[in-house]
**Student:** 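Quick one: the structure is below, and I'll ask about it shortly.
As the structure lists them, so they are numbered: ligands from 1, and atoms in each ligand from 1.
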Amino acid sequence: MTVIAVVPGDGIGPEVTDEAVRLLDDMRLGLEFDHLDEVNATTFRRTGAGMSPQDFERIRSSKSVLFGAIGAPGVNNSEYGRGVLIKMRFELDLYVNHRPAFLWEDRLSPLRDERRRNVDCVIVRENSEGLYVGVGGRVRADTPHEIAIDEEVTTYHGVSRVLDYAFSKARKSVCLVDKSNAVPNGGNLWQRCWRDAVEKNPGIDCSHLYVDAAAMRLIADPSAFDVIVTSNSYGDILSDLTAQLAGGLGMAASANLNPETGFGVYEPVHGSAPDIAGRGTANPLGAILSAALLCEGIGLTEAALAIRGAVSAAVSAGRCTPDIGGSLSTREAGAAVRAELG
Ligand code: ATP
């Protein structure tokens with residue numbers, strides 16, 4: 001049996017993860033689930049750490065992780081996140097954040113021009129350095145003379161390996177997004193690595209956009225993009241934009257990966273959404289499509305295709321939650337996908 005660690009987390013995390021696990025279980029794929037129900041805000045409040053060393057070891061010894069979402073009102077989510085998600089990303093060196101966006105149904109697009117609605121792209125976000133490494137500090141904190149510094153870290157090794165991954169996923173083209181005109185040091189390093197990567201990958205269309213122009217182009221014509229590779233912070237922002245172009249946060253899936261070890265933490269892009277937690281209205285498709293990515297990551301390619309096909313059929317039939325125009329509950333929407341799988 002292949003052990004998959006399941007971390008439901010907080011808010012709507014447990015509701016949506018439950019539907020993804022039910023689906024995988026129903027498919028009899030030879031997976032065994034190790035449920036880590038103590039990784040949550042209650043544990044963080046009680047112990048000061050959201051994840052115990054023992055739970056981290058269970059994660060490390062699993063094949064991969066299906067993750068819900070963490071975060072709760074009244075909790076220092078930055079400190080809490082550093083001990084859970086950021087800890088996994090950094091200590092397991094999950095240096096790729098793979099965020100696909102695909103428009104499952106024309107009616108889900110917010111764009112007016114029908115010819116330009118088609119979204120089928122992947123944001124490859126550098127996941128281990130950049131602006132989110134936590135290097136920096138505050139001087140004269142809480143005074144009118146406060147100075148705050150957050151350093152952006154860029155390394156040749158870090159950029160080269162994420163570019164290699166981006167090119168390995170390209171079907172047509174790769175677009176580098178940066179802000180090298182205004183952030184010249186890290187920007188020049190990205191550009192140097194980019195030139196090397198382009199040279200190594202003939203036959204793939206390559207382009208470059210500054211992040212502000214990329215945001216405009218994504219709205220004007222998302223169908224122009226295949227793989228977009230970018231830094232941690234720009235990837236974070238642009239992937240919310242592509243998620244919205246493809247039907248909203250409720251359907252967006254992601255994978256935190258180390259392509260060398262094959263280990264991955266798979267999670268919906270949305271957070272714990274405390275505003276709708278416990279109501280049974282959360283869309284489980286982001287979690288279910290993350291389970292499809294997990295299947296792909298551990299070599300169950302046919303299962304991944306089957307899940308995507310079932311999601312597509314359920315959404316086309318309007319058998320989905322209210323955020324994407326349906327009237328089903330989380331449970332019913334999960335059951336609708338399972339029914340499509342037969
Ligand atoms: P966090 O701080 O944990 O990221 P958040 O509430 O700030 O949580 P999200 O969880 O990403 O951010 O949610 C933003 C909004 O999108 C929520 O308020 C919710 O209304 C909506 N939303 C997010 N996920 C879903 C979902 N799966 N189904 C339906 N609506 C969702």
Side-chain angles (χ1 to χ4, degrees), residues 7-23 39-45 50-51 66-89 97 99-102 104-105 107-108 110 123 125 127 132 232-233 235-254 256 265-293 307 311 314-315 318-337:
V7 182
D10 307 300
I12 62 170
E15 302 167 41
V16 297
T17 313
D18 199 32
E19 294 309 316
V21 172
R22 273 166 188 257
L23 181 99
V39 180
N40 54 36
T42 309
T43 301
F44 178 76
R45 283 195 196 94
M51 177 161 59
L66 192 60
F67 194 88
I70 56 163
V75 162
N76 180 338
N77 283 323
S78 156
E79 206 179 307
Y80 173 29
R82 284 207 169 270
V84 183
L85 254 184
I86 305 284
K87 183 180 168 74
M88 287 192 290
R89 285 181 191 164
N97 195 218
R99 296 189 160 188
F102 182 77
W104 297 93
E105 260 289 294
R107 67 179 168 82
L108 299 180
I123 305 262
R125 163 187 171 193
N127 213 23
Y132 296 175
N232 208 334
S233 48
D236 190 8
I237 298 161
L238 290 183
S239 59
D240 267 25
L241 195 159
T242 52
Q244 201 57 47
L245 289 174
L249 266 185
M251 293 194 71
S254 81
N256 303 274
V265 173
Y266 298 84
E267 52 167 340
V269 170
H270 63 74
S272 59
D275 57 330
I276 55 166
R279 295 196 192 160
T281 57
N283 188 343
L285 295 183
I288 286 173
L289 289 168
S290 299
L293 284 176
I307 295 172
V311 165
V315 175
R319 296 183 53 70
C320 47
T321 46
D323 59 310
I324 51 171
S327 57
L328 300 187
S329 67
T330 308
R331 274 273 153 102
E332 290 165 340
V337 178

**Student:** In the protein, which heavy atom is nearest to atom 30 (N) of ligand 1, and how far is it?
**Tutor:**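 Result for atom 30 (N) of ligand 1: I276 CD1, 3.5 Å.
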**Student:** Heavy-atom contact under 4.0 Å between A69 and ligand 1?
**Tutor:**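 Not so, A69 does not reach ligand 1.
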**Student:** Of all the non-hydrogen atoms in the protein, which one sits nearest to atom 20 (O) of ligand 1, and at what distance?
**Tutor:**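 Checked against all protein heavy atoms, atom 20 (O) of ligand 1 sits closest to D275 OD2, 3.0 Å.
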**Student:** Would you find a donor on one side and an acceptor on the other, under 3.5 Å apart, between the side chain of T321 and the backbone of S329?
**Tutor:**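 Such a contact is absent between T321 side chain and S329 backbone.
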**Student:** For N40 and D10, test the side chains for any donor-to-acceptor distance below 3.5 angstrom and give the result as yes or no.
**Tutor:**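 Per modelled atom types, N40 and D10 side chains form no pair under 3.5 Å.
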**Student:** In terms of atom number and element, which parts of ligand 1 are under 4.0 angstrom from non-hydrogen atoms of A282?
**Tutor:**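 With A282 as reference, the close atoms of ligand 1 come out as 28 (N).
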**Student:** Under 4.0 Å from any heavy atom of G250, which atoms of ligand 1 are there?
**Tutor:**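 Atoms satisfying the 4.0 Å criterion: 26 (C), 27 (N).
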**Student:** Report the distance from atom CD1 of I123 to atom CG of D240, rounding to the nearest 0.5 Å.
**Tutor:**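 Rounded to the nearest 0.5 Å, the CD1-CG separation comes to 10.0 Å.
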**Student:** When you measure from atom 7 (O) of ligand 1 to the protein, is at least one non-hydrogen atom found at a distance under 4.0 Å?
**Tutor:**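 Protein heavy atom within 4.0 Å of atom 7 (O) of ligand 1: absent.
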**Student:** Against ligand 1, does T321 come closer than 4.0 Å with any heavy atom?
**Tutor:**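 Contact absent.
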**Student:** Under a 3.5 Å distance rule, please check whether Y80 uses its side chain to pair with a backbone N or O of F44 as donor and acceptor.
**Tutor:**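 Judged by distance alone, no pair lies under 3.5 Å.
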**Student:** Nearest 0.5 angstrom please: R125 CZ to N232 CG, how far?
**Tutor:**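 Answer for the CZ-CG pair, R125 versus N232, is 4.5 Å.
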**Student:** Nearest protein heavy-atom contact for atom 23 (C) of ligand 1: which residue, which atom, what distance?
**Tutor:**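 Heavy-atom neighbour on the protein nearest atom 23 (C) of ligand 1: H270 CB, 3.7 Å.
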**Student:** Does even one non-hydrogen atom of G286 get within less than 4.0 Å of ligand 1?
**Tutor:**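 Heavy atoms of G286 never come under 4.0 Å of ligand 1.
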**Student:** Testing D236, V265, N97 one by one against N127 for a side chain to side chain contact (heavy atoms under 4.5 Å, CB included), which residue passes?
**Tutor:**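 Only one option passes, and that is N97.
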**Student:** With heavy atoms only and a cut-off of under 4.0 Å, state how N77 meets ligand 1: side chain, backbone, both or neither.
**Tutor:**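 Under 4.0 Å from ligand 1, N77 contributes no heavy atoms.
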**Student:** Return the CG to CD distance between N256 and E267, rounded to the nearest 0.5 Å.
**Tutor:**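 Atom-to-atom, N256:CG and E267:CD are 5.0 Å apart.
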**Student:** If you measure from OG1 on T281 to CD on E332, what distance do you get to the nearest 0.5 Å?
**Tutor:**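 The CD atom of E332 is 11.5 Å from OG1 of T281, to the nearest 0.5 Å.
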**Student:** If you measure from CG on L289 to OG on S254, what distance do you get to the nearest 0.5 Å?
**Tutor:**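 Reported to 0.5 Å precision, the distance equals 11.0 Å.
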**Student:** Give me the residue, atom name and distance of the protein heavy atom closest to atom 25 (C) of ligand 1.
**Tutor:**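 Here the closest protein heavy atom is I12 CD1, 3.9 Å.
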**Student:** Can you find an N/O atom of S272 closer than 3.5 Å to an N/O atom of ligand 1?
**Tutor:**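 Looking only at distances, the answer is yes, because the N/O contact criterion of under 3.5 Å is met.
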**Student:** Using a 4.0 Å cut-off to any heavy atom of I70, which atoms of ligand 1 qualify?
**Tutor:**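 Those atoms are 3 (O).
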**Student:** To check your reading of the model: name the closest protein heavy atom to atom 13 (O) of ligand 1, its residue, and the distance in Å.
**Tutor:**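 Here the nearest protein heavy atom works out to A273 CB, 4.0 Å.
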**Student:** Between S290 (side chain only) and G286 (backbone N and O only), is there a donor and an acceptor less than 3.5 Å apart?
**Tutor:**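 Confirmed, S290 side chain pairs with G286 backbone.
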**Student:** Does N283 approach ligand 1 within less than 4.0 angstrom via side chain, backbone, both or neither, non-hydrogen atoms only?
**Tutor:**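 Looking at N283 and ligand 1, atoms from backbone and side chain both fall under 4.0 Å.
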**Student:** Does any N or O of ligand 1 fall below 3.5 Å from an N or O anywhere on G71, backbone included?
**Tutor:**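 No, there is no polar N/O contact under 3.5 Å.
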**Student:** At what distance is the nearest protein heavy atom to atom 14 (C) of ligand 1, and which residue and atom is it?
**Tutor:**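 I find the closest protein heavy atom is L249 CD1, 4.0 Å.
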**Student:** Considering only the protein, which heavy-atom contact is closest to atom 9 (P) of ligand 1, and what is its distance?
**Tutor:**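 I find the closest protein heavy atom is G271 N, 3.4 Å.
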**Student:** Do NZ/NE/NH1/NH2 and the carboxylate oxygens of R22 and E15 come within less than 4.0 Å?
**Tutor:**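 E15 and R22: not salt-bridged.
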